[in-house]
Amino acid sequence: METVSVHESIRKMHNVMQADGIGNTFDRFEAQGKRCTFCSTGVSCQLCSSGPCRLSEKAPLGACGIDADAMAMRNLLHLNIMGTTAYTFHAKELANTLIATGKGQTPFTIKDEAKLRMLADKLGIQGQDVNTMAVGVGKAILESIHSDSDGVLNMVELFAPESRIKVWKELGILPGGPLDESMDMHTSSMTNIDGNYVSLAVKALRLGISTIYGSQVPLELGQDILFGTPMPHEHDVDLGIIDPEYTNVVVNGHEPFIGAALIAVAHKPENQQKAKDAGAKGLHVVGSIETGQELLQRFEKDDVFVGLTGNWLSIEAALATGGIDVFAMDMNCSPPALADFQDKYNVTLVSVSKLVSMPGVDKQIVYKPEKVEAQAQELIDLAVENFKTRKAAGFVKHDLPTQKTITGFSTEAILTALGGTLDPFLDAVKAGSIKGCAALVSCTTLNGGGQDVNTVAVAKELIKRDILVLSAGCGNAGLQVAGLTTIEAQELAGPGLKAVCQSLGIPPVLSFGTCTDTGRLTLLANAIADALGVDPSALPIVVTAPEYMEQKATIDAIFALANGWYTHVAPLPPVAGAPNLVKLVTQDIEGLTGGKLAVEADPVEAVDGMEAHIIKKREALGI
């Protein structure tokens, strides 16, 4: 199996980094060697000074008395909490940006007024002008985020199906706001507080529901309001979009705010001229990982915004091209050992979030909505100055590929493609042309193979079996670079799916955005369930994360279980040392929420399980 990457561009740049003596994630991963069995199975703990404790047959309890199931679940809950708070930080940034925009303090405008009015109406904010309404909605999102955990989160009541609310109420997992829930969970998972694995698992389910409805749904609706609801369009991806003869500003992370301002400011003729005066052909804005994906979904390709490089394992390779002038890093996914790239490849690294810091990187421009236009200009000025140094050192061209992608799918986009109703899609499902859907929401990891190797293999196997894939997260970028989000990829689909895709003019893998779009995917599933008159758990759909890696992915998976969905993950999460917990999440939970966790590293066998589940759901629906 390929151990570096499924992508030619990354393999090529990995060779460059090795030849240049630059440390990188691929080599560091191998250098770690065999991992600790106690850690990888979830039965080690370093929370208190009585530890570290490692559980085994000879020592089945920690010093405090905690057993393996509770220890593993408590460790997992810590990861869940970090995922929740990261999503919630993003949602808070969105709310504050919406408020500032409504007050006329940002360069942004309301792009989707209909969505603003829809959300305002749901929140009881009526009869006001658009800008006042935006301020009210932003404040309401903040209030929701901070709502008491002893109450019920209003966003759940507003957006979740009644059938799900009924299930969650019976299980006692209707949550409050994500920040209060996170506080409760953090406190519960301290030493000597909650040592019951079932109780901890129930709390995790509660946190998952709060995360999706309290953070992800409002932040994506809010970003649609500000920057437009995604609609399908063609774009470019992969490292070949980096032209070293241009001044290149790359935006990296998970938020679109700095990137959207950069695109606007970079379009100004005086900034294009400034770049040309420095000896460049012009000024480009380039997207990286989820920040780039947010922009890719909403901004069409032009002579300024040129596309997306790839996911987080593409970052070092992109820097090593020597074609980047400023690498601006917002709240998430900037590896901590990038400083060596600055001098070697003549790039200026800048943190644009109060959260991001790393050794050897001193420049920080903390995003503030009211200052974002000036901050974007400052980044461009840094890039133009950096270009002069880079040009003097001489350009290096690596002949890297560029891949076309069709991006910008959303619930509204799908309805538009279907003529305004879900009926054509439902008819295709009922007829068996499309067996079902897979929401592929994944990171990328080197645990189990090279970058995106398993993600691409799983997606190809799914579409071959007439299962439509909706992709989000870092895995989405992997599928874009691999060419699966193109019309040409129809040829890889099974006959039924291929025919439907040809009739609608869509790829067999629909690029649905970032990991935050788990909320958007949930709303789409809710709409399909409503059209069929069933609970979302009854749908012939599955969730798959073939290469889960970090904390956000864990809370997404927990929500999928709470929502009643078959959820495939790989590699194996750190729970294998907890047999009762494993039984709970892979078997027992199906009788509670309808969900089920499936762990399988082999792509074909993983899809075997997903297809069997889809067929079972089809039979239950009588289709």
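Treat the numbers as computed from the prediction; the structure is a model and nothing was measured.
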Distance, nearest 0.5 Å, that separates [atom1] of [X] from [atom2] of [Y]:
X	Y	atom1	atom2	answer
F227	T109	CZ	OG1	9.0 Å
I212	T522	CD1	OG1	5.5 Å
N346	L319	CG	CG	12.0 Å

I want to check something: taking the side chain as every heavy atom from C-beta on, are [X] and [Y] in contact at a cut-off of under 4.5 Å?
X	Y	answer
Y87	T516	yes
L283	K276	no
V356	D330	no
Q223	L219	yes
V384	D277	no
Q375	V350	no

[X] side chain vs [Y] backbone, donor-acceptor pair below 3.5 Å:
X	Y	result
Q216	G519	yes
T486	T405	no
D20	I22	no
T455	D452	no
Q297	G408	yes
E181	G176	yes
E294	G513	no
S471	N476	no
W312	C474	no
S410	T229	no

May I ask you to decide whether [X] forms a salt bridge with [Y], counting only side-chain N to carboxylate O separations under 4.0 Å?
X	Y	value
K115	E412	yes
D224	R298	yes
E113	R117	yes

Step through it carefully: locate the ring centre of H267, locate the ring centre of F305, and say whether they are under 6.0 Å apart.
-> no
When the aromatic ring centroids of F159 and Y213 are compared, is their separation below 6.0 Å?
-> no
Take E385 and R390 through the salt bridge (Lys or Arg N to Asp or Glu O under 4.0 Å) test and state the conclusion after the steps.
-> CA-CA 9 Å; E385 285 304 308; R390 192 165 59 79; over 6 Å; no
Return all side-chain donor-acceptor pairs below 3.5 angstrom for residues 331-340, not counting sequence neighbours, or 'none' if the list is empty.
residue, atom, partner, partner atom, Å
N332, OD1, K552, NZ, 2.9
S334, OG, N252, ND2, 3.0

Could you check whether [Y] and [X], counting side-chain N and O atoms only, form a donor-acceptor pair closer than 3.5 Å?
X	Y	value
N271	Q377	yes
S511	Q480	yes
T106	E373	no
T402	D238	no
E547	S442	no
D325	T247	no
T85	S182	no

Which pairs of donor and acceptor atoms, one on a side chain in residues 394-401, lie under 3.5 Å apart (sequence neighbours left out)?
residue, atom, partner, partner atom, Å
K397, NZ, E245, OE2, 2.5
H398, NE2, T321, O, 3.4

Flag yes if more than 12 heavy atoms outside E234 fall under 6.0 Å of its CD atom; otherwise flag no.
-> yes
Nearest non-hydrogen partners of A261 and V372, listed with the distance | CB-CG2, 3.5 Å
What's the shortest heavy-atom distance between D27 and Q18, and which atoms?
-> OD1-NE2, 3.1 Å
Out of L79, T84, L77, which residue meets the side chain to side chain contact (heavy atoms under 4.5 Å, CB included) rule with I81?
-> L77
With under 30° as parallel and over 60° as perpendicular, where do the rings of H284 and Y246 fit, or are they tilted in between?
-> parallel
